[in-house]
There are 2 protein chains.
Amino acid sequence: MPEPTYPLGKTVVIERKGLRDRVYDLVLDMLVGQAVAPGTRLSIDAIARDLKVSPTPVREALVQLERTGLVTREPLKGYRVAPQITDGQLESLFDTRIVLEGGAASLAARHADSLVPRLEATLEEHRAVTEKVQEAARAGTLSVALLREYFTVDWNFHHLIFEGTDNPFLIDMSEVISTRVHRMRQTVLSGVTDAGDAVTEHTRIIDAFRTGDPEAAAAAMRDHIEKVRSRSRSDAHAH
Amino acid sequence: MPEPTYPLGKTVVIERKGLRDRVYDLVLDMLVGQAVAPGTRLSIDAIARDLKVSPTPVREALVQLERTGLVTREPLKGYRVAPQITDGQLESLFDTRIVLEGGAASLAARHADSLVPRLEATLEEHRAVTEKVQEAARAGTLSVALLREYFTVDWNFHHLIFEGTDNPFLIDMSEVISTRVHRMRQTVLSGVTDAGDAVTEHTRIIDAFRTGDPEAAAAAMRDHIEKVRSRSRSDAHAH
DNA sequence: CCTGAAAATATCCTATAGGATTGTCCTGAC
DNA sequence: GTCAGGACAATCCTATAGGATATTTTCAGG
């Protein structure tokens, strides 16, 4: 006898998470959200007291966070917010992005047909938010919330391409890149000068996808990231 | 007053690890060592009883292992050995390797001078072990230990190139690849047919590094991995 | 013999307690 | 004033206990 089907529309899968996962989400939001000084101690007991939970789930959440590179651990000494990224590491991060995202673009070109419309939709959001940012910048009322929104839609474009590869390993690695990039933007505080450039470069990437040539898509992506790198350098120098 | 320097020769850094890290190492060795059936339950309490420790450090070790993809977790249900890799995932894994290792070879070519000698040394080991494997295969006395030794020296070559990039992010990602590749070889049990081919292909990679051309190194690496992929396919088909 | 529900067992998850280690502060000697 | 040594506090780490959830077993009814 088949069980009755309930007309729930889209069946929303209820995520059954334990305390550990909720603590993880909270601490992660705190790290990528408000800027917290690198090197700050993350006391297990203190966090537990703050969140009104026992230290046990907090410990497990921090173990999980350690793998993302956002926090570092010294045995018997505790956890700290990962130190500020050095110039050398920043270059390494861009090198890695060029390798990873260039390759992802090449692979995603296989499914360009279904990918391009989604990229266009995201680009439209990106364009809209960019206008709001530029407007606010002229008026001198550039809020942190708006900046965060801008970073999010910007990254959404890159993330879509990773998902377009349909490759679980690459998608997994994109998460690692994502946290590092977001954290970098917090501290370096760049990304305002390139408000317009990013949109036009993303447009070129979509154009490359439309040709269906994987190498063209990869080249457009590499070119974009190289330009982000050079803009980032001049920002740092202007500091 | 400078503190006295102790003539300890090479100062061995004593790793201060807690119980958690030792449990992690033990379980990891068990997973990549002896073949354990995918889907096997990893009971926290059972492992704790086996190792004569409390469940707490075991839980944290498993949280850490979850990030490597070797084990999966279902909240409130427990941990399991990650399921057998599917054919589609295997293709994705090779795609990722081509992207990642091709890019790594390109970047490592910057330091080709210091890298080539180390690659040659590892290749020599690889060649020696290969002969032992072929000999044993002819005699019909191919032990698991010898096979594991072969896989190790084979991977050492690839790992050296990652280290040659001097890029912490790429090196980190190579670890993820490493565990997956080792686990795949356990189950697929390939790698015997290509005993000779791998050495010659590695030789060609070194030759490419000698030219100093990053693109040549990347191409040689991509070519090698593509060949490993096709050999893997025919092995699976022969099964 | 098979089906389905209820009890029993095993397991996961969180909380609490205590030992071990590290960092800090204070005192006293040179 | 500077440095060494010791006591105190804070923190990490492991162990144990108990509630909550999942799984297995048992058993009654068809």
Side-chain angles (χ1 to χ4, degrees), chain A residues 1-4 13-28 30-31 36-68 70-83, chain B residues 1-6 13-28 30-31 36-68 70-83:
Chain A
M1 180 62 62
E3 15 183 78
V13 183
I14 298 170
E15 274 192 62
R16 302 214 40 176
K17 300 204 262 187
L19 253 189
R20 167 164 94 68
D21 302 275
R22 282 196 284 169
V23 173
Y24 175 85
D25 291 340
L26 282 173
V27 178
L28 181 62
M30 186 193 70
L31 286 179
V36 47
T40 305
R41 291 206 50 173
L42 291 176
S43 165
I44 294 177
D45 293 333
I47 295 175
R49 283 192 294 269
D50 269 12
L51 301 180
K52 305 267 198 292
V53 297
S54 81
T56 310
V58 176
R59 291 183 57 77
E60 294 170 9
L62 287 178
V63 171
Q64 209 171 347
L65 274 172
E66 187 186 357
R67 264 299 197 178
T68 69
L70 284 176
V71 305
T72 61
R73 178 177 85 105
E74 285 180 90
L76 303 184
K77 294 184 68 177
Y79 290 88
R80 292 179 173 280
V81 177
Chain B
M1 181 62 64
E3 16 182 77
T5 61
Y6 300 101
V13 181
I14 298 169
E15 273 193 64
R16 301 215 39 174
K17 302 206 260 186
L19 252 188
R20 166 163 93 68
D21 302 275
R22 283 195 284 170
V23 173
Y24 176 85
D25 291 341
L26 283 173
V27 179
L28 181 62
M30 186 192 70
L31 286 179
V36 47
T40 305
R41 289 207 51 173
L42 292 175
S43 165
I44 294 176
D45 293 331
I47 295 176
R49 281 192 294 269
D50 270 11
L51 301 181
K52 305 267 198 291
V53 297
S54 84
T56 310
V58 176
R59 291 183 57 76
E60 294 170 9
L62 286 178
V63 171
Q64 209 171 347
L65 274 172
E66 187 185 358
R67 270 304 229 178
T68 69
L70 285 175
V71 306
T72 61
R73 177 177 86 106
E74 285 180 272
L76 302 182
K77 294 183 69 175
Y79 289 88
R80 291 179 173 280
V81 177

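In this text the structure is predicted, and so the values were computed from the model without any measurement.
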Suppose we screen for side chain to side chain contact (heavy atoms under 4.5 Å, CB included). Which residues come up paired with [X], at least two apart in sequence or across chains?
| X | answer |
| --- | --- |
| B:Thr56 | B:Ser54, B:Glu60 |
| B:Ala48 | B:Pro55, B:Val58 |
| B:Leu19 | B:Arg22, B:Val53, B:Pro57 |

| field | Over all atoms of both residues, closest heavy-atom pair of A:Leu65 and A:Thr68 | value | O-OG1, 2.6 Å
Sequence neighbours left out, what passes salt bridge (Lys or Arg N to Asp or Glu O under 4.0 Å) with [X]? Give chain and number order.
| X | answer |
| --- | --- |
| B:Asp45 | none |
| B:Asp50 | none |
| B:Arg73 | A:Asp21, B:Glu66 |

| task | Just report the end-to-end axis angle for the helix from C:dC1-D:dG30 to C:dC30-D:dG1, five pairs per end, to 10 degrees. | result | 10°
What nitrogen or oxygen pairs link the protein and nucleotides 10-14 of chain C at under 3.5 Å?
| residue | atom | partner | partner atom | Å |
| --- | --- | --- | --- | --- |
| C:dT11 | O3' | B:Arg41 | NH2 | 3.4 |
| C:dC12 | OP1 | B:Ile44 | N | 3.1 |
| C:dC12 | OP2 | B:Ile44 | N | 3.1 |
| C:dC12 | OP2 | B:Asp45 | N | 3.4 |
| C:dC13 | OP1 | B:Leu76 | N | 2.7 |
| C:dC13 | OP2 | B:Arg59 | NH1 | 3.2 |
| C:dT14 | OP1 | A:Leu19 | N | 2.2 |

